[in-house]
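In the text below, chain A, chain B and the rest are named by the order of the sequence lines, each starting its count at 1. Since the model is a prediction, treat every value here as computed from it, not as a measurement.
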Number of protein chains: 2
Amino acid sequence: MTDRQLPATAWAVLGVLSWDREMTGYDVKQWADHSLTFFYWSPAVSQIYGELKRLEAVGYITGRDEPVDEQRTKRVYAITDDGRKALTEWLEESSVDAPVLKHGVMLRVWLGHMSTPERLRATLLQHREQTEAMLADVTASERSAEHEPDWSYPALVLRWGERYYRNELAQIDELLQELDGR
Amino acid sequence: MTDRQLPATAWAVLGVLSWDREMTGYDVKQWADHSLTFFYWSPAVSQIYGELKRLEAVGYITGRDEPVDEQRTKRVYAITDDGRKALTEWLEESSVDAPVLKHGVMLRVWLGHMSTPERLRATLLQHREQTEAMLADVTASERSAEHEPDWSYPALVLRWGERYYRNELAQIDELLQELDGR
DNA sequence: CGTTGCATGTAAGGTGTTACATGATTAC
DNA sequence: GTAATCATGTAACACCTTACATGCAACG
């Protein structure tokens with residue numbers, strides 16, 4: 001309960017629970033895949049279970065075994081008042097570190113002199129497809145979020161994501177053009 | 001020499017050496033800070049030294065002790081033919097994984113309901129400053145790269161970076177506006 | 001004479017992934 | 001009937017950072 005510093009992933013997981021829904025680790029992963037993943041990243045399932053354990057240990061969430069049928073239970077977690085307070089305090093912190101971007105495609109373009117224009121084109125086109133898939137996903141998530149009053153901030157971020165991935169597409173096309181012009 | 005798979009960081013370091021300049025670990029760090037950092041990220045110095053050791057062990061680079069004055073030497077590395085071949089093969093690989101984005105600022109906006117509009121504004125304004133600094137850096141790097149014929153691909157990527165950070169600024173302003181309008 | 005730059009590493013520790021393991025239920 | 005979904009976790013391991021340690025040279 002002292003303000004131990006947690007990794008950003010822990011805050012992200014706690015954040016998923018901040019809408020006051022009880023969730024299993026599995027649920028958290030689903031939510032992460034449909035929102036966090038667009039601007040942060042979706043932690044591995046195993047890590048989520050680990051973070052949940054840690055968050056429970058420090059009292060930011062509480063777990064409860066809910067019966068799912070006669071023999072089995074599942075563990076559902078809910079944020080506590082301490083957790084809400086800690087999360088708000090974390091958001092208060094001024095130390096916002098710069099976004100981390102690891103763009104493997106640009107790394108390859110950067111090393112273009114070791115490759116061929118055709119190969120670069122192929123890489124960019126593949127990346128274009130992946131980006132279009134992301135854009136489709138973010139747009140789909142947007143539609144599920146837009147009518148929920150509680151999700152006005154997530155909706156804001158999803159719109160941001162839509163613009164982000166549209167820009168990424170424009171950037172790819174720009175690069176493809178520049179590659180052609182040589 | 002067998003195609004052991006190296007982490008992306010190792011390829012990035014090898015990439016820095018792919019312009020056939022002999023470099024110390026320190027030099028590699030400087031170069032990373034002035035180019036890689038805009039679209040990938042700049043590894044810690046200690047990691048660079050580690051990667052150089054590993055790359056030398058697999059024969060992708062060779063090290064040489066160059067005298068710097070009477071008593072001391074520095075270790076300068078150069079890429080080998082094996083290294084060039086391996087790097088080209090790595091670029092050939094189709095498995096380009098999606099760019100990793102960890103945007104702490106957007107994580108905070110996403111959790112806006114746990115914070116206040118004023119606090120969000122402050123965070124965004126701080127991020128705006130950092131982004132403007134990045135834009136200034138990338139523009140400066142562009143100027144040093146634009147006249148070197150060997151650096152046409154890096155120059156391409158730096159121009160990409162300039163557009164990327166300009167877009168980031170536009171996105172921040174858009175968010176600031178949307179926050180005002182509520 | 002103190003700070004910055006050059007130059008090189010080790011050690012410890014946290015972060016995060018993949019692979020493995022298990023088992024019930026639901027959908028095709 | 002077999003694949004996907006729900007559900008949970010452990011173990012091994014790789015990756016990467018921070019802190020620590022050292023020492024000279026140059027600049028102010």
Open item on the list: Using a 4.0 Å cut-off on heavy atoms, which residues in residues 35-47 of chain A reach DNA chain D? List them by number, or say none.
Closed with: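 Within residues 35-47 of chain A, the residues near DNA chain D are A/V45, A/S46.
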I need the [atom1]-[atom2] distance between [X] and [N], as an integer number of Å.
X	N	atom1	atom2	result
B/K74	D/dC24	NZ	C1'	13 Å
A/Q5	D/dT17	CD	C1'	14 Å
B/E51	D/dC16	CD	P	7 Å
A/L52	D/dT8	CG	P	9 Å
B/L6	D/dC13	CG	C1'	16 Å
A/D65	D/dA7	CG	P	13 Å
A/E66	D/dC6	CD	P	15 Å
B/Q71	D/dT22	CD	C1'	15 Å

TODO: State, to the nearest 10°, the angle formed by the axis through the first five base pairs of the helix from C/dC1-D/dG28 to C/dC28-D/dG1 and the axis through its last five.
DONE: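 Taking five pairs per end, the axes differ by 40°.
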Minimum side-chain heavy-atom gap [X]-[Y] below 4.5 Å:
X	Y	answer
B/M23	B/L17	yes
B/H127	B/H103	yes
B/W19	B/P154	yes
B/R108	A/V96	yes

Task: First encountered from the 5' end of DNA chain C, between B/Q30 and B/K102 - done: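 Mapping each residue to its closest nucleotide by heavy atoms, the 5'-most match is B/Q30.
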Open item on the list: Taking the nucleotide of DNA chain C with the nearest heavy atom to each, does A/P7 or A/R72 sit closer to the 5' end?
Closed with: A/P7
Task: Nucleotide range of DNA chain C lying under 4.0 Å from chain A heavy atoms - done: C/dT15 to C/dT25
Task: Members sharing B/V68's hydrophobic cluster (side chains within less than 4.5 Å) - done: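 Same cluster as B/V68: nobody, lone residue.
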Open item on the list: So if I take residues 18-29 of chain A and measure heavy-atom distances to DNA chain C, which residues fall below 4.0 Å?
Closed with: none
- [ ] Looking only at non-hydrogen atoms, find the nearest pair between A/L179 and A/R121 and report the distance.
- [x] CD1-N, 4.3 Å
Open item on the list: Whether the side chain of B/T80 engages the backbone of B/G59 through a donor-acceptor N/O pair (distance < 3.5 Å, no angle test) should be reported.
Closed with: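 Yes; judged by distance alone, with no hydrogens or angles, the pair exists.
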Open item on the list: I need the A/L107 CG to B/W11 CH2 distance, nearest 0.5 Å.
Closed with: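 Between atom CG of A/L107 and atom CH2 of B/W11 there are 11.0 Å.
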Task: Point-to-point distance, once rounded to the nearest 0.5 Å, from OG1 of B/T37 to CE of B/M134 - done: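 Reported to 0.5 Å precision, the distance equals 5.0 Å.
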Open item on the list: Less than 4.0 angstrom between a side-chain N/O of B/R54 and OP1 or OP2 of D/dC15, yes or no?
Closed with: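 True: B/R54 side-chain N/O within range (under 4.0 Å) of D/dC15 OP1/OP2.
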TODO: Report whether A/V157 and B/V100 are members of the same hydrophobic cluster (ILVMFWY, side-chain heavy atoms less than 4.5 Å apart, transitive linking).
DONE: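 No; B/V100 is not reachable from A/V157 via cluster members.
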TODO: Could you check B/K53 against B/E56 for salt bridge (Lys or Arg N to Asp or Glu O under 4.0 Å), going step by step and ending with a plain yes or no?
DONE: CA-CA 5 Å; B/K53 283 248 162 77; B/E56 191 175 22; over 6 Å; no
Task: B/D33, B/I48, B/V45 screened by side chain to side chain contact (heavy atoms under 4.5 Å, CB included) with B/V28, the one that passes - done: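 Answer to the side chain to side chain contact (heavy atoms under 4.5 Å, CB included) test with B/V28 among B/D33, B/I48, B/V45: B/I48.
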Task: SB check A/K85 A/D82 (cutoff 4.0 Å) - done: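 Salt bridge flag = no for A/D82 with A/K85.
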Open item on the list: Can you pull out every ring pair (Phe, Tyr, Trp, His ring centres under 6.0 Å) where at least one residue sits in residues 29-51 of chain B? Sequence neighbours excluded, please.
Closed with: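 Those involving residues 29-51 of chain B are A/W110-B/F39, B/W31-B/W151.
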